[in-house]
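Here's the structure we're looking at; comments come further down.
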Amino acid sequence: MKIGPICRFCEAPLRQTLVDLGMSPLCESYVSAAALNRMEPFYPLHVYVCEKCLLAQLEEYVSPAEIFTEYAYFSSYADSWLQHSKVYTDMAIRRFGLDARSLVVELASNDGYLLQYFVEKGIPVLGIEPARNVAKVAIEKGVPTLVEFFGEKLAEKLAAEGKQADLVIGNNVLAQVPGLNDFVRGIKTLLKPGGVATLEFPHLVRLMDENQFDTVYHEHFSYFSFLAAEKIFAAHGLTLFDVEELPTHGGSLRIYARHAEDTAKPVDARVAGLRERELAAGLDRMTAYSAFSEKVAETKRKILECLIGIKREGKTICGYGAPGKGNTLLNYCGIRTDFLDYTVDRNPYKQGLFLPGTHIPIFPPGRIRETRPDYVFVLPWNFKDEIIDQLAYIRDWGGRFIVPIPEARIHE
Ligand SMILES: [Zn+2]
C-alpha cells in the first residue's frame, strides 16, 4: 500500500496541493546529441503545502546525489549575481566585524563566485560544494572548497577540527536540501557561539503573487514563507533576528539567524513586520494556497496565446538562456522547436547540448546575430533588464523581446 507524502520538516501528511505541473525531466539534465533518441526519465512536479507547518514542498523523487554531483550551473556567468555578492560581502564584513581571525563558510559555494570577495579582503573562507566540476573551478580561483554535501555530520567534523564559523552563508541552497532538518541542525553545530548565518531563498509569497511557477523544479524541494522558515529554524535552536526582502531570483528573503541563546543580538522590527504581513495575507490558512493552481494554468494559456499569435504571423522566435526555470516552463507549456528554433546560453558547458524534455538546441549567444530572429523569448526573466540591455542590438532588425512571467509581455 502506498503511503501518501509526508512533510519533510514536521512529518504531517501532505494533502493540500499548491500546484501540480505534471511530469517533467530533471531541469539540469541537458541532453547530448548522441542521447537524443534515448529514453529520458520524467518525474512528477507536484507541490504540496503542509497544513501543520506551512512548508510548501515537493516529494524527493530524485536524490541530490543524482542531481548535484555534476552540475551545469556556474554562478559566475550572471553579472548581476556577482554584483549582488560583492555588495553582500562589504555589508557582512562591516556589520559582523569580520577580519583575518574570522572564518566564513559558505554552503553550496558553487564556483567561488561569492567567497572570492572575502578572499580578496584577507578573510579566511571555506566553501562546501557537492558538485565536483564546479568546486574545481573555485579551488583554481584560490577559494578552498570541500567537495561534500553539508549536514550535521560534516558540521560536527568541522567543529571538532576547530573550524566553527563566524559567518555561515547559504544562498539558494536551503530550498535544495531534502534533509532539511539535518541541514539546519548542521548550521546550529557549525556556528560559533556569537556567529551568524545568513540564508537567501526565493520567497513563496512572491512566487505565488507573481506566477513564478517555473521556479518549481525537482532540485527545489522546499518553498518558504517567512512563517515556515521561522518555525524550522526555531525548532533547531536558531532565532531569526533580521530579514531583508531582495529582488534576486524574482524576490528572495535573506534571513539572519543566530543561536537562540545569543540575546546580545536583538530581534529587528523587520521580523515582526514581515510575519504580520504574511499573517494578514492569510498564509497560515489553506485557502490562501488553493487558488494558485488555476492562476498557473491561466499563465500558461497566456504564454501560448502570445507564441501562437506570433507564429501565425510567420515570425521567428528563439530563446535566450537555458536556466532550470526555463525547462519547467517549456515542459509544462509544451513549447518545443515548434515555437522556439533554438536557445542560446553564455555558459559553454551547455552549448551544443539540448534542453531536457523539449530538446531545443542550445547555441552560443552569437547565433542571434547570425539568424536575426523576430522575437527573443527571455527564459531567465529574473535577469530580464540585464539581458534586454545586452541584446539591445536586435532592435537593428526590428527584433523584440518576450518576457513570459508574471504574464507574457512583449518588450520593444
Ligand atoms: Zn509540516
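Counting convention: from 1, in listed order, for ligands and their atoms alike. Residue numbers start at 1 and run along the sequence shown.
Looking at heavy atoms from C-beta onward, I255 lies out of side-chain contact with F224 at the 4.5 angstrom threshold.
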Got a list of side-chain donor-acceptor pairs under 3.5 Å for residues 188-195, not counting sequence neighbours?
residue	atom	partner	partner atom	Å
K188	NZ	G237	O	2.8
K188	NZ	H259	ND1	3.0
K188	NZ	E261	OE1	3.3
K188	NZ	E261	OE2	3.4
T189	OG1	R185	O	3.1
K192	NZ	D166	OD1	3.3
K192	NZ	D166	OD2	2.8

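Pairs engaging residues 12-24 under the salt bridge (charged side-chain N to carboxylate O under 4.0 Å, His left out) rule: R15-E51 [sequence neighbours left out].
When only modelled atom types and interatomic distance are considered, H236 and E152 share no side-chain donor-acceptor pair under 3.5 Å.
Only protein atoms were considered; those of element N, O or S under 2.8 Å from the Zn ion (ligand 1) number 4.
If you run salt bridge (charged side-chain N to carboxylate O under 4.0 Å, His left out) between D242 and each of R258, R254, R270, K265, only R270 comes through.
Contacts of F42 classified as ring pair (Phe, Tyr, Trp, His ring centres under 6.0 Å), with partners at least two apart in sequence or in another chain: none.
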